[in-house]
Amino acid sequence: MNRISISVIVPVYNVELYLRDCLDSLVAQTQPFHEIILVNDGSTDHSRQICEEYCVKYGNIMLLEQDNQGLSSARNLGLKFASGDYIVFVDSDDYVTKDMNESTRKILLENDLDILYYNADVVDELQGTYMEQLIRSDFLNNRIMSGINFLKECFPDNYRCSACLAAYRKSFLDEYGIVFPYGLYYEDNIFFIQTVLKAKTILCIPCCFYNRRIRKGSTMTGEMSTKKCLDHIAINMLIWEELYQYEYKNTHINFIRKYISIRMIETFIFIKGFEQDKDVSKAMLSMMEFFMDKWLPIYSLTQLNWEDIYSLRCISNFLVHLKRDF
């Protein structure tokens with residue numbers, strides 16, 4: 001293949017204050033993207049009008065419309081219409097560097113990759129600071145690895161699961177039917193695991209092509225809620241199911257156990273303050289039952305490390321309190 005085309009998918013929902021920055025960065029490329037697919041997810045501000053304005057002005061921009069269904073649904077709709085060799089996701093309140101397309105295409109032409117990972121600069125508007133935050137360590141860079149080896153080397157210290165920090169081969173996503181889960185927060189977590197477990201060739205590079213904007217009112221900065229707790233638990237169970245179905249899980253069982261233990265600990269930290277919520281308690285109980293049915297047996301195979309022990313202790317304490325409360 002002597003040419004590589006990249007499709008950009010941009011979900012849009014009530015971002016009129018930031019959308020022009022995003023679109024300007026996508027159309028000001030040193031080499032134009034093959035196509036820019038905007039998915040208006042039922043915006044009620046002027047976002048739709050801004051999208052239409054750019055569609056008229058630039059021939060490589062396509063606008064799709066849907067009722068408000070959330071980020072995952074918008075991305076999935078974009079995937080259905082994308083025709084490029086590779087897919088890049090950009091959130092509509094973020095923006096990219098002007099050489100993103102040219103630089104990624106050059107690397108993709110030189111390497112046969114399922115996934116190309118890159119880094120991001122972060123602009124924290126809440127604190128008024130600019131910082132390099134979504135950076136992976138140098139030892140991961142410029143080495144083509146299988147997905148599972150990349151996961152083992154990046155977890156936990158270099159674990160970055162944002163779907164916006166990668167270019168994905170479209171035929172790879174289509175082959176395995178990989179899409180985002182409908183109606184859940186934290187959808188990037190399961191998408192990351194699904195892609196990384198299937199990928200045969202992954203390359204991580206140190207370039208910062210992406211600019212992440214931390215702003216008031218975004219999903220990540222909004223207040224905690226029962227919904228977020230429930231979705232975090234649901235995503236965790238989807239990840240565990242994906243790992244359970246992984247055909248080479250027995251080969252990597254020690255790492256998988258470590259991964260499960262750490263995510264378990266993170267879940268208990270995440271729901272802190274919502275332990276007494278009836279819906280959250282029921283969801284946690286379902287997660288415990290899933291864990292004990294599918295994963296508890298692997299904890300007797302080898303000597304346990306501190307993450308395993310702490311995770312099992314969290315489970316034990318939760319079940320004791322749950323029994324007392326109910």
Subject >> hydrophobic_cluster_shared for Val179 and Val90, side chain cutoff 4.5 Å >> reply: no
Subject >> Close side-chain approach of Lys249 to Leu243, heavy-atom, < 4.5 Å >> reply: no
Subject >> Output field: ring centroids Tyr168/Phe191 closer than 6.0 Å >> reply: yes
Original post:
Does Arg160 count as lying over the ring of Tyr117, i.e. NZ or CZ under 6.0 Å from the six-ring centre, within 45 degrees of the axis?
Top reply: no
Original post:
In the hydrophobic clustering that connects Ile, Leu, Val, Met, Phe, Trp and Tyr at side-chain heavy-atom distances below 4.5 Å, which members other than Ile269 occupy its cluster, ordered by chain and number?
Top reply: Ile265, Trp306, Tyr310
Original post:
Same cluster for Ile190 and Ile233 if Ile/Leu/Val/Met/Phe/Trp/Tyr side chains link at under 4.5 Å?
Top reply: yes
Original post:
When you check the gap from the basic side-chain N to the acidic O, do Arg48 and Glu52 get nearer than 4.0 Å?
Top reply: yes
Original post:
Just wondering, do Leu140 and Glu153 contact through their side chains at under 4.5 Å, heavy atoms?
Top reply: yes
**OP:** Please name the pair of heavy atoms, one in Asp67 and one in Asp41, separated by the smallest distance, quoted to 0.1 Å.
**Re:** O-OD1, 3.2 Å
**OP:** Determine the minimum heavy-atom distance between Cys164 and Arg75, stating which atoms define it.
**Re:** SG-NH2, 3.7 Å
Original post:
Charged N to carboxylate O below 4.0 Å: is that the case for Lys198 and Glu242?
Top reply: yes
Original post:
Does the ring centre of Phe150 sit less than 6.0 Å away from the ring centre of Phe155?
Top reply: no
Original post:
Can you check whether Lys228 reaches Phe274 side chain to side chain, under 4.5 Å on heavy atoms?
Top reply: no
Subject >> Side-chain touch Phe180/Leu71, heavy atoms, less than 4.5 angstrom >> reply: no
Subject >> Passing option when Thr267 is tested against Asn236, Ile262, Ile235 for side-chain contact (heavy atoms from CB on, under 4.5 Å) >> reply: Asn236
Original post:
Can you say whether the rings of Trp240 and Phe291 are parallel (under 30°), tilted (30 to 60°) or perpendicular (over 60°)?
Top reply: tilted
Original post:
Can you find a pair of side-chain heavy atoms, one from Ser103 and one from Phe209, that are under 4.5 Å apart?
Top reply: yes
Original post:
Tyr248, Phe192: one ILVMFWY side-chain cluster at the under-4.5 Å cut-off?
Top reply: yes
Original post:
Are side-chain heavy atoms of Ser146 and Lys200 found at a separation under 4.5 Å?
Top reply: no
Original post:
So does Arg257 pair up with Asp308, basic N to acidic O under 4.0 Å?
Top reply: yes
Original post:
Are Val10 and Ile61 in one and the same hydrophobic cluster, where Ile, Leu, Val, Met, Phe, Trp and Tyr link if side-chain heavy atoms are under 4.5 Å apart?
Top reply: yes
**OP:** With sequence neighbours excluded, tell me which residues meet side-chain hydrogen bond (donor to acceptor under 3.5 Å, both in side chains) with Gln245.
**Re:** Glu241
Subject >> Pair Gln276-Ser281, side-chain hydrogen bond (donor to acceptor under 3.5 Å, both in side chains): steps then yes or no >> reply: CA-CA 7 Å; Gln276 304 305 315; Ser281 293; over 6 Å; no
**OP:** Answer yes or no: is there an ion pair linking Asp91 with Arg213, defined by an N-O contact shorter than 4.0 Å?
**Re:** no
Original post:
If you look at every heavy atom in Val12 and Ser92, which pair is closest and at what distance?
Top reply: CA-OG, 3.9 Å
**OP:** To the nearest 0.5 Å, tell me how far Ile115 CD1 sits from Ile87 CD1.
**Re:** 12.5 Å
Subject >> Worked verdict on Phe270 versus Tyr186 for ring pair (Phe, Tyr, Trp, His ring centres under 6.0 Å) >> reply: CA-CA 12 Å; Phe270 188 87; Tyr186 318 116; 5.5 Å; yes
